[in-house]
Amino acid sequence: MFDTKKTSFLKSVVIFALALFVLVPICILFAGSFMGADEVYEKIGPVLTDNSGRSATWFFLPEYITLRAYVELLLDSPDFFVMFWNSIRLVLPILIGQMLVAVPAAWGFAKFKFKGRKALFMVYIVLMLMPFQVTMVSNYIVLDTMHLLNTRLAVILPAIFSTFPVFIVYRFFKGIPDALLEAAAIDGAGPLETFIYIGIPVGAPGIAAAMILGFIEYWSMIEQPLTFIKDKALWPLSLYLPGSSGNQAAVALAASIMILVPPLLVFLVGQKYLERGIQAVGLKE
């Protein structure tokens with residue numbers, strides 16, 4: 001038989017090694033944001049200038065620490081804040097719209113029986129599995145017909161009707177006992193009252209998990225705004241880095257750190273709900 005302590009130790013070592021492997025790029029990014037522009041360009045300049053005679057180098061600690069990149073980003077880069085608020089104006093309406101559309105839809109699939117329910121839900125699953133590139137052309141044609149291209153609604157409306165949150169919340173609603181709903185009906189509660197006073201409170205962890213995952217996804221979206229929005233004044237923060245030039249490498253590294261802050265805070269604040277929602281999705285049904 002295997003030694004339980006040795007097995008546990010090996011698992012810990014493997015997990016730690018994998019975590020370290022994932023954290024190395026973030027550590028390099030964090031250290032680079034405190035380097036001077038000359039030092040950053042000296043280390044990664046060969047990559048930016050396509051100099052085949054030299055290779056890029058990097059160290060975990062800067063030769064001298066400076067906040068110049070953050071000062072230039074936060075005080076001398078108004079485009080950064082414009083794109084930040086553009087991201088807020090895109091992500092918040094998407095999440096609110098998903099909550100208004102996906103939650104009732106998931107409740108209907110989970111607790112109402114109607115003809116074609118399974119087939120329709122299968123269509124939802126198929127749409128969820130399709131990448132953006134598959135539906136890009138059809139979305140573009142529909143949005144162009146509605147004269148919504150080059151507006152925020154061109155990104156917001158397709159995202160509101162995403163099937164992914166429906167799938168997550170559905171699996172959680174499906175685990176609510178029918179006996180609880182029958183007891184509410186006996187007490188005189190109608191379908192809407194049952195949904196509001198029982199479905200939403202009991203399914204709150206699943207709803208929170210869908211919203212957190214949605215925020216992380218749409219905060220970093222790139223293809224949708226690039227495809228549907230041509231006016232750079234409406235671009236979100238996720239497109240700030242592609243517009244950075246080689247001589248702004250230090251500022252780009254600082255911007256990368258700042259872009260990571262909102263989703264990291266959302267994850268840390270909602271981690272408990274995210275874990276409960278994911279566990280419920282895995283255990284129910």
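Remember, predicted model here, so these are calculated numbers, not experimental data.
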Asks: I'd like to know if K111 pairs up with D178 as an ion pair, taking the criterion as any Lys NZ or Arg NE/NH1/NH2 lying under 4.0 Å from an Asp or Glu carboxylate oxygen.
Replies: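 D178 and K111: salt-bridged.
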Asks: Measuring only between side-chain heavy atoms, which start at C-beta, is P62 closer than 4.5 Å to I65?
Replies: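 Side-chain contact under 4.5 Å: yes.
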Asks: Do you know which two heavy atoms are closest between K174 and R117, and how far apart they sit?
Replies: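 Answer, listing the atom of K174 first, then R117: NZ-NH1, 4.1 Å.
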Asks: Examine F267 and I26 and state if one hydrophobic cluster contains both, with Ile, Leu, Val, Met, Phe, Trp and Tyr joined whenever side-chain heavy atoms are less than 4.5 Å apart.
Replies: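 Unlinked, F267 and I26 end up in two clusters.
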Asks: Can F21 be reached from I15 by stepping across I, L, V, M, F, W or Y side chains whose heavy atoms are under 4.5 Å apart?
Replies: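 Different clusters: I15 never reaches F21 through Ile, Leu, Val, Met, Phe, Trp or Tyr contacts under 4.5 Å.
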Asks: Please lay out, stage by stage, how Y70 and S33 fare under the test side chain to side chain donor-acceptor pair (under 3.5 Å).
Replies: CA-CA 8 Å; Y70 286 98; S33 67; 2.7 Å; yes
Asks: Spell out, yes or no, whether I96 and W85 are grouped together once hydrophobic residues are joined by side-chain heavy atoms under 4.5 Å, including indirect joins.
Replies: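 They do not share one cluster, since no chain of ILVMFWY contacts under 4.5 Å joins I96 to W85.
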Asks: Count the heavy atoms belonging to other residues, nucleotides or ligands that lie under 6.0 Å from CZ of F81, then report whether that count exceeds 12.
Replies: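 Yes, CZ of F81 has more than 12 neighbouring heavy atoms, counting only those of other groups under 6.0 Å.
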Asks: Please confirm whether the backbone N or O of E63 pairs with a side-chain atom of E39, one donor and one acceptor, at under 3.5 Å?
Replies: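 Yes, the answer is positive, given that a donor and an acceptor are paired below the 3.5 Å cut-off.
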Asks: Identify the heavy atoms of L90 and P236 that sit nearest to each other, and give their distance.
Replies: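 Minimum heavy-atom separation between L90 and P236: CD1-CB, 3.9 Å.
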Asks: Is the distance from the ring center of F109 to that of Y124 below 6.0 Å?
Replies: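 Here the rings of Y124 and F109 have centres that are less than 6.0 Å from each other.
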Asks: Give the intermediate values and the outcome of side chain to side chain contact (heavy atoms under 4.5 Å, CB included) for residues M221 and I94.
Replies: CA-CA 12 Å; M221 61 181 171; I94 288 174; 4.2 Å; yes
Asks: Are the side chains of P262 and L237 in touch, meaning some heavy atoms are under 4.5 Å apart?
Replies: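 Answer no - side chains too far apart.
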Asks: Please report the shortest heavy-atom distance between G203 and F173, naming the atom on each side.
Replies: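 What the structure gives for the nearest pair is CA-CE2, 3.8 Å.
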Asks: Look up atom OG1 in T163 and atom CD1 in I168, then write down how far apart they are to the nearest 0.5 Å.
Replies: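 So the gap between those two atoms works out to 10.0 Å.
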Asks: I'd like to know whether M258 forms a side chain to side chain contact (heavy atoms under 4.5 Å, CB included) with L73, so could you lay out the CA-CA distance, the side-chain angles of the two residues, the decisive distance to 0.1 Å, and finally the verdict.
Replies: CA-CA 10 Å; M258 298 302 297; L73 177 69; 3.7 Å; yes
Asks: Specify the closest pair of heavy atoms between Y140 and T227, including all atoms of both residues, with the distance to one decimal.
Replies: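 Heavy-atom minimum between the residues: CE1-O, 3.8 Å.
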Asks: How long is the gap from CG on L181 to CD1 on I176, to the nearest 0.5 Å?
Replies: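 Interatomic distance, L181 CG to I176 CD1, rounded to 0.5 Å: 6.5 Å.
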Asks: Between W235 and L226, does the side chain to side chain contact (heavy atoms under 4.5 Å, CB included) criterion hold? Intermediate values first, please.
Replies: CA-CA 8 Å; W235 278 6; L226 272 178; 3.9 Å; yes
Asks: Using a cut-off of 6.0 Å, state whether more than 12 heavy atoms not belonging to L20 lie near its atom CG.
Replies: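 More than 12 heavy atoms, drawn from other residues, nucleotides or ligands, come within 6.0 Å of this atom.
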Asks: Quick check for you: to the nearest 0.5 Å, what is the distance between L239 atom CG and N86 atom CG?
Replies: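 Interatomic distance, L239 CG to N86 CG, rounded to 0.5 Å: 10.0 Å.
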Asks: Nearest heavy-atom pair of F112 and P191: which atoms, and what distance?
Replies: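 Here F112 and P191 meet closest at CZ-CB, 4.1 Å.
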Asks: To the nearest 0.5 angstrom, please state how far the CG atom of L129 sits from the CZ atom of F164.
Replies: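 So the CG of L129 and the CZ of F164 are separated by 11.0 Å.
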Asks: Donor-acceptor pair, T66 side chain versus R68 backbone, under 3.5 Å?
Replies: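 Yes: the side chain of T66 pairs with the backbone of R68.
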Asks: In Å and rounded to the nearest 0.5 Å, what is the CG to CG distance from L149 to N139?
Replies: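 With rounding to 0.5 Å, CG (L149) is 10.5 Å from CG (N139).
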Asks: One pair to check against side chain to side chain contact (heavy atoms under 4.5 Å, CB included): M99 and L95. What are the steps and the verdict?
Replies: CA-CA 6 Å; M99 186 170 59; L95 296 181; over 6 Å; no
Asks: Within a 6.0 Å radius of atom CZ on F16, are there more than 12 heavy atoms belonging to other residues, nucleotides or ligands?
Replies: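 No, not enclosed.
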Asks: Same cluster or not: are V103 and I125 linked, directly or through other Ile, Leu, Val, Met, Phe, Trp or Tyr residues, by side-chain heavy atoms under 4.5 angstrom apart?
Replies: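 Yes, V103 connects to I125 through the hydrophobic network.
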Asks: Where do Q98 and S162 come nearest, in terms of heavy atoms and distance?
Replies: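 That closest heavy-atom pairing would be NE2-CB, 3.7 Å.
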Asks: According to the interplanar angle, ranging from 0 to 90°, do the rings of F30 and F34 count as parallel (below 30°), tilted (30 to 60°) or perpendicular (above 60°)?
Replies: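 F30 and F34: perpendicular rings.
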Asks: Which residues, ordered by chain and number, are linked to V261 in its hydrophobic cluster, where ILVMFWY side chains connect at heavy-atom gaps below 4.5 Å, directly or through other members?
Replies: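 Cluster partners of V261: L265.
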Asks: Any side-chain heavy atom of W107 sitting closer than 4.5 Å to one from T194?
Replies: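 In contact.
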Asks: Is it the case that one hydrophobic cluster holds both L74 and V40, taking links as side-chain heavy atoms less than 4.5 Å apart, direct or via other members?
Replies: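 Yes, same cluster.
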Asks: Drop me the distance from I229's CD1 to L153's CG, to the nearest 0.5 angstrom.
Replies: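 One gets 9.5 Å once the value is rounded to the nearest 0.5 Å.
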Asks: Quick check on F114: does its CZ atom have over 12 non-hydrogen neighbours (other residues, nucleotides or ligands) under 6.0 Å away?
Replies: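 Yes, because the 6.0 Å sphere around CZ of F114 holds more than 12 heavy atoms from other groups.
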Asks: Centroid-to-centroid, W219 to F84, below 6.0 Å?
Replies: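 For W219 and F84, the ring centres are under 6.0 Å apart.
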Asks: Give the ring-plane orientation class for Y170 versus F121, where under 30° counts as parallel, over 60° as perpendicular and anything between as tilted.
Replies: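 It falls in the tilted class, 30° to 60°.
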Asks: Decide if atom CE of M128 counts as having more than 12 heavy atoms of other residues, nucleotides or ligands within a radius under 6.0 Å.
Replies: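 More than 12 heavy atoms, drawn from other residues, nucleotides or ligands, come within 6.0 Å of this atom.
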Asks: Is the F80 to Y240 ring centre distance short of 6.0 Å?
Replies: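 They qualify: ring centres under 6.0 Å apart.
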Asks: Are L234 and T151 side-chain neighbours, meaning at least one heavy-atom pair lies under 4.5 Å?
Replies: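 In short, these two side chains do not touch, never coming nearer than 4.5 Å.
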